[in-house]
Amino acid sequence: MENSNLFRLSSMAALLFLMVVFAGCNARKEPSAEAKGRVHATGAFVSQFGPVPPIDKGTCYGFVIYFPSAKEPGKVLPFPFFSFDEGSLKKVALGKLVAGMGDFPAYHGELAQPFSAGTRVLDVSQSGDTVSVNFSKELAGAQLDAKAQQSLVNAVVLTLRQFPGVSRVAIKVDGADTPLNKLTASADEKSVLPLAPPRLLGVTGMKEKGRTDIEEIDAFFDRPVDIKELTLSGANGKKIDGEIFQSVFDMAGVLKAKKPQPYPPGTTIKVHWKVVDKIGRASSGDTDVALEVKEH
């Protein structure tokens, strides 16, 4: 078990994470007799995170974004993402890579941000098996050492090369060639760090707009998992009664409170959890988390 640890997701970071990962996708909210939707996943997604959980309706696309490592320069860490827009998957993936993951306490100090402030993805085009990426001029201002440059290139190349029909990647800045392009040939899967066991990202209480009582409490994990045990309790240790099921591409355990209570933002929620991801990595913990509260 992990040592009890009080951590907090900022409201902006938590909201950004949900928008980034789940926008436009109709994830399963309750057990369904038949999942009618479809999720297509890249080979990289399946390799890193296993089979994609079903959805009730619509079509979503699962892929991996490789973020540069702060602890091991030159290396990258894979994260699962979903999108509904098949036509712009590559540009969406790169946009999220440039934006970064934010400061999630569970990954504090592990993710680097080599992209200069203001860097944008201007264009992504494909000719044959080559994808060309044109970044805005801000990228040229990044003061990066050799390992950081290779880390940035590895992240861009591996994120793009997972998509069908892509073998090579060309990097430009404001339409011009860049020294970074010379590093693309050396980008390979050896730079991908092995994933640690699943991590708890945070806990969010959901309530109806204008109401005070929290009807639903969601515990979010960093990847799809099978939940073996999940108990949520108040600061006094008293268990919050209710039915628990999985949701949001199996990346959340959801407690439907039997007796909704007016938990204010910042309330300490004690989380006992035991999960296994889709390829068998297991983790567990007893963690104190500051509750985020959102309306729906």
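No hydrogens, no waters, no symmetry mates; every other heavy atom, side chains included, goes into these values.
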Would you say [X] and [Y] are hydrophobically clustered, going by side-chain heavy atoms of ILVMFWY under 4.5 Å?
X	Y	answer
Leu158	Leu195	yes
Ile65	Phe163	yes
Leu89	Val124	yes
Met206	Val254	no
Leu122	Val156	no

Flag side-chain contact, heavy atom, 4.5 Å: [X] against [Y]:
X	Y	result
Leu180	Leu152	yes
Gln126	Lys90	yes
Val192	Tyr66	yes
Val203	Asp218	no
Leu94	Leu160	yes
Phe221	Leu201	no
Pro265	Thr267	no
Pro54	Val39	no

When rounded to the nearest 0.5 angstrom, what is the spacing between [atom1] in [X] and [atom2] in [Y]?
X	Y	atom1	atom2	answer
His296	Glu216	NE2	CD	6.0 Å
Leu77	Gln48	CG	CD	9.5 Å
Asn134	Ile171	CG	CD1	11.0 Å
Ile227	Gln246	CD1	CD	4.0 Å
Gln261	Asp213	CD	CG	6.5 Å
Asp226	Lys274	CG	NZ	14.0 Å

Check: [Y] main-chain N/O paired with [X] side-chain donor or acceptor under 3.5 Å:
X	Y	value
Ser47	Gly43	no
Lys172	Ala176	no
Glu72	Ser69	no
Arg161	Ala187	yes
Glu215	Lys258	no
Ser191	Val76	no
Gln113	Val98	yes
Lys75	Lys190	yes

Lys256 to Phe245, cation-pi by 6.0 Å centre distance and 45° axis angle:
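So Lys256 doesn't make the cation-pi contact.
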List the atom of [X], the atom of [Y], and the distance in Å for their closest heavy-atom pair.
X	Y	answer
Ile269	Leu291	CG1-CB, 3.9 Å
Ala282	Pro197	O-CB, 3.3 Å
Lys278	Gly50	CB-CA, 4.0 Å
Asn181	Thr184	O-OG1, 2.9 Å
Arg223	Tyr107	NH2-OH, 4.0 Å
Gly205	Ile214	CA-CG2, 3.7 Å

State whether a side-chain donor-acceptor pair under 3.5 Å links [X] with [Y].
X	Y	result
Glu138	Thr119	no
Gln149	Asp145	no
Ser151	Asn154	no
Glu229	Ser284	no

Would you say [X] has more than 12 foreign heavy atoms packed within less than 6.0 Å of its [atom1]?
X	atom1	result
Arg168	CZ	no
Lys147	NZ	no
Glu295	CD	yes

Could you walk me through whether Phe45 and Phe82 pass the ring-ring contact (aromatic ring centres under 6.0 Å, His included) check?
CA-CA 10 Å; Phe45 183 102; Phe82 298 89; 5.5 Å; yes
Is there a side-chain contact (heavy atoms from CB on, under 4.5 Å) between Ser283 and Val275 once you walk through the steps?
CA-CA 6 Å; Ser283 65; Val275 300; 3.6 Å; yes
Is there a side-chain contact (heavy atoms from CB on, under 4.5 Å) between Phe79 and Val64 once you walk through the steps?
CA-CA 6 Å; Phe79 281 82; Val64 179; 5.9 Å; no
In terms of relative ring orientation, are His40 and Tyr61 parallel, tilted or perpendicular, with 30° and 60° separating the classes?
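Judged by the thresholds at 30° and 60°, the geometry between His40 and Tyr61 is parallel.
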In terms of the angle between their ring planes, are Phe63 and Phe81 parallel, tilted or perpendicular, with boundaries placed at 30° and 60°?
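Correct class here is parallel.
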Taking it one step at a time, do Leu97 and Phe67 satisfy side-chain contact (heavy atoms from CB on, under 4.5 Å)?
CA-CA 7 Å; Leu97 172 61; Phe67 290 94; 4.0 Å; yes
For Glu110, side chain to side chain donor-acceptor pair (under 3.5 Å) partners two or more places apart
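Arg199.
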